[in-house]
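Because the structure is predicted, anything quoted here is derived from the model rather than measured. By convention in this document, chain letters (A, B, ...) are assigned in the order of the sequence lines, proteins followed by strands, and residues within each chain are numbered from 1.
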Protein chains: 2
Amino acid sequence: MGREIRVAAAQMGPNQPTDKRSVIIDRMINLIEKGATDKADLVVFPELAFTTFFPRYLIEDEAVLDKYFEIDMPNKDNEHLFKVARDAKVGFYVGYAELSVEKNIKRRYNTAILVSPEGHIINKYRKIHLPGTPSPVQGYARQQLEKKYFSVGNLGFPVVEAFGAKIGMAICNDRRWPETFRVLALKGAEIVLIGYNSVATNRHTGENEEELYTYHSNLTVQAGAYQNANWVVSVAKAGTEDGSPMVGSSVIVDPNGKLAAQTKTLADEIVTHTIDLDAAEESRRLMFNFEKNRRIEEYGIIATQRGATR
Amino acid sequence: MGREIRVAAAQMGPNQPTDKRSVIIDRMINLIEKGATDKADLVVFPELAFTTFFPRYLIEDEAVLDKYFEIDMPNKDNEHLFKVARDAKVGFYVGYAELSVEKNIKRRYNTAILVSPEGHIINKYRKIHLPGTPSPVQGYARQQLEKKYFSVGNLGFPVVEAFGAKIGMAICNDRRWPETFRVLALKGAEIVLIGYNSVATNRHTGENEEELYTYHSNLTVQAGAYQNANWVVSVAKAGTEDGSPMVGSSVIVDPNGKLAAQTKTLADEIVTHTIDLDAAEESRRLMFNFEKNRRIEEYGIIATQRGATR
């Protein structure tokens, strides 16, 4: 083993709309403590970890919507989580709904932050690949209104040096787009962190598709890891929130695209793995030596043409 | 079912260096006939189908090297294959080593052509992602000298309308690079055809890695299919050529990234599947609606920066 970092995927079970924020934070503190017991350097939480996945609802009252959002971070609701992690000397990655107020202009983002073992916010990412629709679709049992509530992230795909590694930040639907992993890898990422909330039923027909959608969730991160010679830590909020089932399968994926660790439940559950950063060395030197093998002369259309020619 | 095309993956077992060309062509004719019996519209052969995978050797005598290459297509060695396919009204995709002589300048390409049921060459592709090294690596049991023998393809990633579909053309190592599938999908591809020769042992250590490398072969095409809402037909030359083992697992992959068909042997073997081109419709309209979801403003680095920042 060469350079090492011990990472915990801290899957969360569902957050019901009626759950008190303090109850959710207590569960997260419990996961931080489990991570510390497992000697994790870094605990990775899901997307929108503090709340239910509210983009499933059409919320027209701005005061109601604001309650799902954080303005400052940390704040009085979650400062105890930061304190417990700092006392345990554990860093963490966590997703939340961010309300940014600048010059009296409100902007909302689907955000994640990386927090150091000393409790400092190292970097912030705002989700770029927002799924869903900007307005409700008639006939859907549950909506996916991220495009209504959130602005597209304006901080790029960040790669930050921390925990002795180069760490790339992404959220949920970003993992389905190979460009995410490629941009992060080109910026030098060795580990990519992802939190997600992914439905387990077809939004249109309501049919249970847990097996297929779990397969898709794994496929994208396994391909992203292999094709970029990265590790990936991809963490679910899982189980059924307010009648809406979500997939689990939080995973730690090695640079061969193989699962090094995987959760087994749809509830709060932690899996931990010691990442060997040098495990990707042969792949980076040979098969996925970008400098020797990428043919950027042929890739222009990827960055210049948004839609497909039909 | 909507628009349909019936496709056969015509996996080939090994071609030994001592095999007569006519024996290899007879095996391919046999696969065409099996495809016709299975009512295939299109039979997909591997990369470098007519010869052994000669880039494993260091060949310094140009006259010896030339024997692996085709100048005209069809030519007297393989015109019978074209005739049998035409008589059976079956189209095919086939890879071969191409020697192009223009103005007395010889250029060599790793090429594939798509041939219509009427026996016409519809389009040609020259491999862009050449793997391996431009000169022999000391200590390797077998070399991978594609970068020595072949020029990088100069015909782009082609998408052609044929067989009632938009067909994308790629070869072997192209499938490991997500840019290949993305460029083809942006050009409108509904089916991507790929032939390959992929080793089953670690080139450096000689260790058997058939399971891992088969997994990688599947992973790349399954992710390529899912993330681009395409079908993929990916076909091996399999088995052990001159002591060098290659993986099999020729597959037809649906737009969910699931295997619709897969070979079971490492020998000549055909699997056939009726492709429903409209099966990708929901995916293209929602999850992988490129126009609504791709964020090209963030992808510039993919086409402008070749290597990774370290």
B:Arg284 and B:Glu291 ion-paired at < 4.0 Å: no
So for B:Val152, is it side chain, backbone, both, or neither that comes closer than 4.5 Å to the heavy atoms of chain A?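 Side chain of B:Val152 only, per the 4.5 Å heavy-atom cut-off to chain A.
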Side chain, backbone, both or neither: which part of B:Thr133 has a heavy atom under 4.5 Å from chain A? neither
If we define contacts as heavy-atom pairs under 4.5 Å, which of [options] has the most with chain A?
options	value
B:Glu297, B:Lys258, B:Arg182, B:Lys187	B:Arg182
B:Pro131, B:Gly257, B:Gly132	B:Gly257
B:His216, B:Lys292, B:Met287	B:His216

Filtered by a 4.5 Å non-hydrogen cutoff, the part of residues 203-210 of chain B contacting chain A is none
Do B:Tyr93 and B:Ile171 come within less than 4.5 Å of each other through their side chains, counting heavy atoms only? yes
Contact origin within [X] toward chain B - heavy atom pairs under 4.5 Å:
X	answer
A:Asn173	side chain
A:Thr180	neither
A:Asn202	side chain
A:Gln144	neither

Roughly how far apart are [X] [atom1] and [Y] [atom2], rounded to 0.5 Å?
X	Y	atom1	atom2	result
B:Arg126	B:Arg108	CZ	CZ	13.0 Å
A:Lys127	A:Met169	NZ	CE	14.0 Å
B:Lys166	A:Arg310	NZ	CZ	7.0 Å
A:Leu286	A:Glu281	CG	CD	8.0 Å

Quick check on the interface: out of A:Asn256, A:Leu212, A:Val183, who has the most heavy-atom pairs with chain B under 4.5 Å?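 When all of A:Asn256, A:Leu212, A:Val183 are compared, A:Asn256 has the most.
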Is it the case that [X] places NZ or CZ above or below the six-membered ring of [Y], under 6.0 angstrom from the centre and within 45 degrees of the axis?
X	Y	value
B:Arg306	A:Phe290	no
B:Arg175	B:Tyr196	yes
A:Lys237	A:Phe53	no

Are the ring centres of B:Phe288 and B:Tyr226 closer than 6.0 Å? yes
Main chain of B:Gly300, side chain of B:Thr304: is a donor-acceptor contact present, judged purely on distance under 3.5 Å?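 Pair found, side chain donor or acceptor close to backbone of B:Gly300.
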